[in-house]
Amino acid sequence: VSGPTLYVTLAAFGVLVGVASGLLGVGGGTLAVPFLTLAVGLSQHAAEATSLLVILPTAIAGSLALRRYGVGNLSVALRIGTVGAVGSVLGALLALALTGGTLRIVFAVFIGIVGLRLVRDGLVSEQRSP
Amino acid sequence: VLDPKLAAIGIGGGPSVGAARGGRRGRDGAAARALASYGQRDAHAISLGAIIPISIAGIATYGIAGEVRWWDALALAAGSIVGAQVGAGILTRIDERLLKVIFGTFLIAVAALLGTKA
């Protein structure tokens with residue numbers, strides 16, 4: 001798939017990424033990176049870099065929507081984000097120093113651990129509820 | 001001015017943007033809940049806002065290295081903006097425990113898929 005068809009496909013998949021982002025708080029990369037590597041054929045580095053650009057407008061749009069519903073704390077978010085921006089540069093430089101295969105494994109292990117912990121938390125609170 | 005707990009969340013989560021791109025907000029959400037006692041929905045919203053300055057810094061770094069596919073990202077972003085509005089609207093009406101299970105299961109499935117393709 002290439003040309004206009006590719007961009008239409010990417011836009012359609014972007015809707016799914018956006019729903020997951022707004023609904024689950026998932027970074028768009030959890031969907032976009034696998035799609036860009038496995039379906040579009042980008043390298044792991046290019047997929048991660050591109051998905052990072054995708055999440056920026058998604059995060060802005062999602063934050064504005066959640067703000068309308070009175071969810072969250074913008075001041076706290078920006079304070080965390082300002083500190084995290086320094087780490088973001090360091091993390092990107094580290095990723096660029098790794099091979100694509102290594103970076104993909106790091107990515108998989110990391111989100112797998114987060115997923116396991118969340119499932120555990122959800123099931124434990126389910127059992128404790130009346 | 002800057003709560004040490006919040007600084008710790010930012011320092012701990014920022015590098016994951018570059019090194020493990022997808023888990024950033026999941027990690028922030030978990031950290032926000034653990035360190036600052038926020039609920040699941042507020043933690044999601046806070047981590048969503050935090051990713052804005054963090055992603056700008058990461059994009060700049062990757063952009064200098066020539067790894068950003070701008071037109072692919074633009075197409076994905078166009079759809080994702082629409083989808084984010086829909087998802088955020090559903091968020092306020094969904095069960096919090098169910099949200100954790102769905103989110104976690106989704107991440108495990110993605111991790112397994114990538115592991116088989118590495």
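Below, read A as the first sequence line, B as the second, and so on, with proteins coming before strands; counting in each chain starts at 1.
For chain B, the nearby part of A/Tyr69 is the side chain; its heavy atoms alone come within less than 4.5 Å. Using a 4.5 Å cut-off between heavy atoms, A/Arg67 makes no contact with chain B at all. For a residue to count as touching a neighbouring chain, one of its non-hydrogen atoms must lie under 4.5 Å from one of that chain's; by this rule A/Leu16 does not touch chain B.
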Criterion side chain to side chain contact (heavy atoms under 4.5 Å, CB included) on A/Leu10 and A/Phe35, from CA distance to verdict: CA-CA 9 Å; A/Leu10 287 170; A/Phe35 181 76; 3.7 Å; yes
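With sequence neighbours left out, the side chain to side chain contact (heavy atoms under 4.5 Å, CB included) criterion links B/Ala78 to no other residue.
Summarising the geometry, atom CD belonging to A/Glu48 is positioned 9.0 Å from atom CG belonging to A/Leu52; distances are rounded to the nearest 0.5 Å. Taking CG of B/Leu48 as the reference point, atom CG of A/Leu64 lies at 9.5 Å (rounded to 0.5 Å).
Counting heavy-atom pairs closer than 4.5 Å to chain B, the top-ranked of the candidates A/Leu116, A/Leu78, A/Thr37 is A/Leu116. Of the listed residues B/Leu114, B/Ile108, B/Leu76, the one with more heavy-atom pairs under 4.5 angstrom with chain A than any other is B/Leu76. When each of A/Ser43, A/Ala12, A/Gly70, A/Ala11 is scored by its heavy-atom pairs under 4.5 Å with chain B, the top score falls to A/Ala11. Counting heavy-atom pairs under 4.5 Å between each of A/Leu38, A/Leu56, A/Leu36 and chain B puts A/Leu56 at the top. Of the residues considered (B/Ala73, B/Ala65, B/Ala77), B/Ala73 shows the highest number of contacts with chain A, using heavy-atom pairs under 4.5 Å. Listed options B/Asp72, B/Thr105, B/Leu74, B/Ile64 were ranked by heavy-atom pairs under 4.5 angstrom with chain A; first place goes to B/Asp72.
Between A/Ala92 and B/Thr61 the shortest heavy-atom distance is CB-CG2, 3.6 Å. Nearest approach of A/Ala49 to B/Glu67, heavy atoms of both residues: CB-O, 3.5 Å.
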Only distances under 3.5 Å count here; give the side-chain donor-acceptor pairs of residues 101-112 of chain A to other protein atoms, sequence neighbours excluded, each with its distance to 0.1 Å.
{"from": "A/Thr102", "atom 1": "OG1", "to": "A/Thr99", "atom 2": "OG1", "distance (Å)": "2.8"}
{"from": "A/Arg104", "atom 1": "NE", "to": "A/Gln44", "atom 2": "OE1", "distance (Å)": "2.9"}
{"from": "A/Arg104", "atom 1": "NH1", "to": "B/Lys117", "atom 2": "O", "distance (Å)": "3.1"}

